[in-house]
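Ligands are counted one by one from 1 in listed order, and the atoms in each one are counted from 1 as well. Every value quoted in this text rests on a predicted model; they were computed, and no experiment measured them.
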Amino acid sequence: MTEKILILDFGSQYTQLIARRIRELQIYAEIVPYNKEIVLDDNIKAIILSGSPFSVKEEKALHIALDTIAGKKPILGICYGAQYMANYFGGKVERSQKREYGKANLADFQQEDPFLRGISPGSQVWMSHGDTIVALPEQFELLAGTASIPVAAFRSKSGAFDQPMYGIQFHPEVTHSLEGLKLLSNFAVDIVGCKGNWTPGSFINQIVGELKEQIGGEKVLMALSGGVDSTVGAALLQKAVGDQLHCFFVDNGLLRKDEYANVLESYKGMGFNITGVDARELFWNALKGVSDPEQKRKIIGKAFIDVFEENAARFKGEGIQWLGQGTIYPDVIESVSVHGPSVTIKSHHNVGGLPEKLKMKIVEPLRMLFKDEVRKVGRAMQLPEHILNRHPFPGPGLAIRILGDITPEKVTMLQEADAIFINNLKKYNLYEKVWQAGTVLLPIRSVGVMGDERTYEQTVALRAVNSMDGMTAEWSRLPYDFLAQVSSEIINNVKGINRVVYDISTKPPSTIEWE
Ligand code: XMP
């Protein structure tokens, strides 16, 4: 079994980052809400207590029975986690006069302690806290301070507990803590003794074994989108159960130019047992005359379910019991939401209700992986780079990039303009420097002049963003000459478009898509 580090989440904005850093050390880390009942089995090698937007001094503070885990596994408390530890065992934590936010330098530290071994004197760390530990409990000792706080790092005294406990006021998981990864490695590898053997290869072996066991001789159905997640998910399933996996890929009439043929071709090349379903008319008819973005999403979601059900029924005749899905870790992390249930800004199209209706069992090979890890697994399986490096593309496709109602003619016009933009990004080696790019067809006409003729035609907006995860985004600073080239190519070649604009809005307050 895989060794793992458990991260108890107290609602910090950085909790996911802690998991990612630990995983960079090739140690599997899993996030669970602070109050989830946990069974400390042998696979769990250590526990990390995350930060939190709360103060240990406030009434709303989140509590755990720390004495029930103390001494059972090594523990590292980060920020709130450290304060909680200090407070819990009888130390003193006070509200600071002013929130300490930003860079600080470790001072007077105990270089011989395994936690700080190899860390440079004055090492830069990142602080973000409102409380300060002013006195440590009796069973603990100081490891380091900074110029502004007395306790930046501490540990339990040797022999005070059966397993060591460490606490740090700063955030080793953010890159501004320059030796943060080294500190996490000192804890996880040197102190805890993790082997660090969780690699894409070991993940593949493990998951393929699990999938074989889970599915046995039964059959699996999976809808593929041409994107990274569903492709890697299907490749793992195929490796596990071979031709017991049946895939299909739907042309909803809202894909990019030639995408249907190209993706189907790639899938066939990968040996998938795949069926292409041309459902363009069904989607276009359902969308006829609809302009409202949320309405479009709902219609597309429903049309997809109809197509899916029809195909599932066909395959079900062959006795398919499983439904494969490309769900990834950020979708399943049960984080502590300090803001309550999140507000839906755009209702993302998914097939959540399907399995109950179809009475199928769900299999999700990627549910424990972050996006970049999915790519690494895909690479280790030698899947085509053009699929692994694809920009994200929304489920409702071009429907939410055609403002106003949708007609097949508008889809073709947008596909042509978009293909020019994307092909040029690839040609000028910009595609991989941009996180997502697309073209939006605007419902306005403006005057232009072409040759001797006055034109009165539509506008497209080019959108290219840099982002980590789509939650926030910065518009890409594409070179002017490149934009000029794309603009003139579109206006000269796509009938009906006489104007091209570039979207220079940041998310927030804008969003990436226009609808
Ligand atoms: P926004 O527009 O919300 O987009 O800034 C963030 C990311 O989500 C994608 N997106 C969607 N994906 N169904 C999807 O599967 C949708 O309805 C949808 N809306 C937006 C968008 O392309 C970007 O990557």
query = Using a heavy-atom cut-off of under 4.0 Å, does the side chain or the backbone of Trp514 touch ligand 1, or both, or neither?
reply = neither
message = I need the full list of ring pair (Phe, Tyr, Trp, His ring centres under 6.0 Å) pairs touching residues 198-247, with sequence neighbours left out, sorted by first then second residue.
response = Tyr28-Trp198, His246-Phe315
inquiry  = Which option wins on minimum heavy-atom distance to atom 21 (C) of ligand 1: Glu513, Glu294, Arg297?
reply    = Glu513
query = With a cut-off of 4.0 Å, which atoms of ligand 1 are near a heavy atom of Gly395?
reply = 12 (N), 13 (N), 14 (C), 15 (O)
query = Which residue pairs pass the salt bridge (charged side-chain N to carboxylate O under 4.0 Å, His left out) test when at least one of the two sits in residues 461-485, sequence neighbours left out?
reply = Arg463-Asp503, Glu474-Arg477
message = Distance check, rounded to the nearest 0.5 Å: Tyr502 atom OH versus Leu483 atom CG?
response = 6.0 Å
task = Return the option from Arg401, Lys296, Met471, Lys507 holding the heavy atom at the smallest distance from atom 5 (O) of ligand 1.
result = Lys507
query = What do you reckon, does Gly470 have a nitrogen or oxygen under 3.5 Å from a nitrogen or oxygen of ligand 1?
reply = no
ask   = Given Glu373, which of Arg20, Arg23, Arg379 fulfils the salt bridge (Lys or Arg N to Asp or Glu O under 4.0 Å) condition?
value = Arg23
ask   = Do Gln436 and His391 have side-chain N/O donor and acceptor atoms under 3.5 Å apart?
value = no
